[in-house]
Amino acid sequence: MSTIAFPRPHLDRKVDTAVLQSVEDYWQTLRHADRLPARNDIAPDQIDDLLPHAFILQRVAPGIARFRVAGQRLHDLLKMDARGMPFSTLFAPQARDQLQELVEASFMDPAIISMPLRSESGLLRPEVNGTLLLLPVRDHQNETSRILGAIVTEPVTVTRPRRFVISQDRPLRRESLGTRSPATQLMQGVNRKGPDAARPALKLVVNNA
């Protein structure tokens, strides 16, 4: 029986590293002394070229977050609007324990997290690799309950949604910022009023046309 040979897409390391570095550089410009950036300081028009890769998470329980804002790249990977969905939706079940630990570290250490991703190959589906970046952000109550994130992956050519594991073949970055944030009060749901709801311009990141 003949096997199907997929043309192998390649992660453009130079371009995609530049995307993630640009998001992190922007986040760094919003820091004040040893304080984390504030959610209200994030201005979409300052990162227009990066918006397709960007997202914002809201913490709803220890290690658990939901997408409040999601760029077009998340729509392409999940084949649906990610806003309001659990962050874990992007991941295969076997990755979710480690994911929960890393998400909680980003919120509560707080820490910069960069994780290498791999979506396994399958029937009519090539392997896809990528990188995901998590950057902690304060909310309007000065609690670290938001994350500014970004994702880059190899091209996705099939119509089925992709789920990722955290790759063991490339290093994972976990960089503690050495500044304790105020204890975060858990949100009672993603529909809570706050800065995300008050900044509708960020919702234009997703274009389903």
Side-chain angles (χ1 to χ4, degrees), residues 1-24 49-60 63-107 111-135 147-175 205-209:
M1 179 182 295
S2 61
T3 58
I4 300 173
F6 293 106
R8 186 73 177 96
H10 292 287
L11 192 65
D12 189 329
R13 301 292 182 192
K14 184 175 181 180
V15 172
D16 290 321
T17 297
V19 168
L20 297 177
Q21 188 62 56
S22 294
V23 173
E24 185 172 342
D49 293 343
L50 307 174
L51 291 181
H53 301 276
F55 57 87
I56 290 177
L57 300 176
Q58 177 182 357
R59 184 176 187 258
V60 295
I64 299 174
R66 292 184 183 273
F67 289 104
R68 290 298 300 262
V69 177
Q72 183 65 36
R73 193 63 188 144
L74 272 303
H75 182 276
D76 295 342
L77 293 168
L78 294 174
K79 308 305 178 187
M80 62 181 175
D81 187 347
R83 289 174 296 175
M85 301 296 294
F87 183 45
S88 60
T89 302
L90 188 63
F91 291 82
Q94 64 267 32
R96 291 177 182 172
D97 286 346
Q98 185 181 9
L99 175 69
Q100 186 169 339
E101 176 189 352
L102 292 171
V103 168
E104 186 67 0
S106 187
F107 281 123
I112 297 172
I113 303 291
S114 178
M115 61 183 82
L117 304 178
R118 186 179 73 257
S119 181
E120 305 284 358
S121 61
L123 182 63
L124 302 178
R125 201 171 52 170
E127 179 180 297
V128 173
N129 291 283
T131 306
L132 187 143
L133 177 68
L134 302 178
L135 303 164
I147 282 174
L148 172 63
I151 186 169
V152 292
T153 72
E154 294 167 334
V156 175
T157 57
V158 296
T159 58
R160 296 177 62 188
R162 302 305 300 239
R163 299 292 185 270
F164 291 88
V165 297
I166 300 169
S167 176
Q168 304 303 308
D169 300 331
R170 290 181 285 140
L172 183 148
R173 175 187 174 196
R174 178 172 173 169
E175 180 181 335
V205 175
V206 176
N207 178 4
N208 294 331

- Task: Tell me, with the steps shown, if Phe91 and Phe164 meet ring pair (Phe, Tyr, Trp, His ring centres under 6.0 Å).
- Result: CA-CA 5 Å; Phe91 291 82; Phe164 291 88; 7.1 Å; no

Output yes when a side-chain donor or acceptor of [X] lies under 3.5 Å from a complementary backbone atom of [Y], and no otherwise.
X	Y	result
Ser106	Ala111	yes
Thr89	Pro86	yes
Gln100	Gly63	no
His53	Val152	no

[X] side chain near [Y] side chain, heavy-atom distance below 4.5 Å:
X	Y	result
Glu24	Leu133	yes
Leu90	Leu132	yes
Leu74	Asp81	no
Leu99	Met115	yes
Leu172	Ile166	yes
Arg160	Lys79	no
Asn129	Arg170	yes
Leu135	Val23	yes

- Query: Cut-off 3.5 Å, side chains only: do Arg173 and Ser114 have a donor facing an acceptor?
  - Reply: no

- Task: Would you kindly say whether Gln58 and Arg66 are connected by a side-chain donor-acceptor distance under 3.5 Å?
- Result: no

- Apply side chain to side chain contact (heavy atoms under 4.5 Å, CB included) to Asp76 and Arg162, showing your working. CA-CA 9 Å; Asp76 295 342; Arg162 302 305 300 239; over 6 Å; no

- Contact summary for Arg83 and Arg68, nearest pair of heavy atoms: CG-O, 3.7 Å

- Item | Shortest non-hydrogen separation from Leu78 to Pro161 and the atoms involved | O-CB, 3.5 Å

- Query: Given Val165 and Leu117, is the side chain to side chain contact (heavy atoms under 4.5 Å, CB included) satisfied, shown in steps?
  - Reply: CA-CA 6 Å; Val165 297; Leu117 304 178; over 6 Å; no

Between [X] and [Y] (salt bridge meaning N to carboxylate O under 4.0 Å), is one present in this structure?
X	Y	result
Glu120	Arg163	no
Glu101	Arg174	yes
Arg73	Glu154	no

- Step by step, work out the side chain to side chain contact (heavy atoms under 4.5 Å, CB included) result for Leu134 and Phe55. CA-CA 9 Å; Leu134 302 178; Phe55 57 87; 4.0 Å; yes

From [X] atom [atom1] to [Y] atom [atom2], the distance as rounded to the nearest 0.5 Å:
X	Y	atom1	atom2	result
Leu77	Ile151	CG	CD1	5.5 Å
Ser121	Glu127	OG	CD	6.0 Å
Leu57	Phe67	CG	CZ	5.5 Å

- Applying side chain to side chain contact (heavy atoms under 4.5 Å, CB included), run through Met80 and Met85 and close with a yes or a no. CA-CA 10 Å; Met80 62 181 175; Met85 301 296 294; 3.6 Å; yes

- Contacts satisfying salt bridge (Lys or Arg N to Asp or Glu O under 4.0 Å) that involve residues 89-100 (not counting sequence neighbours) are none

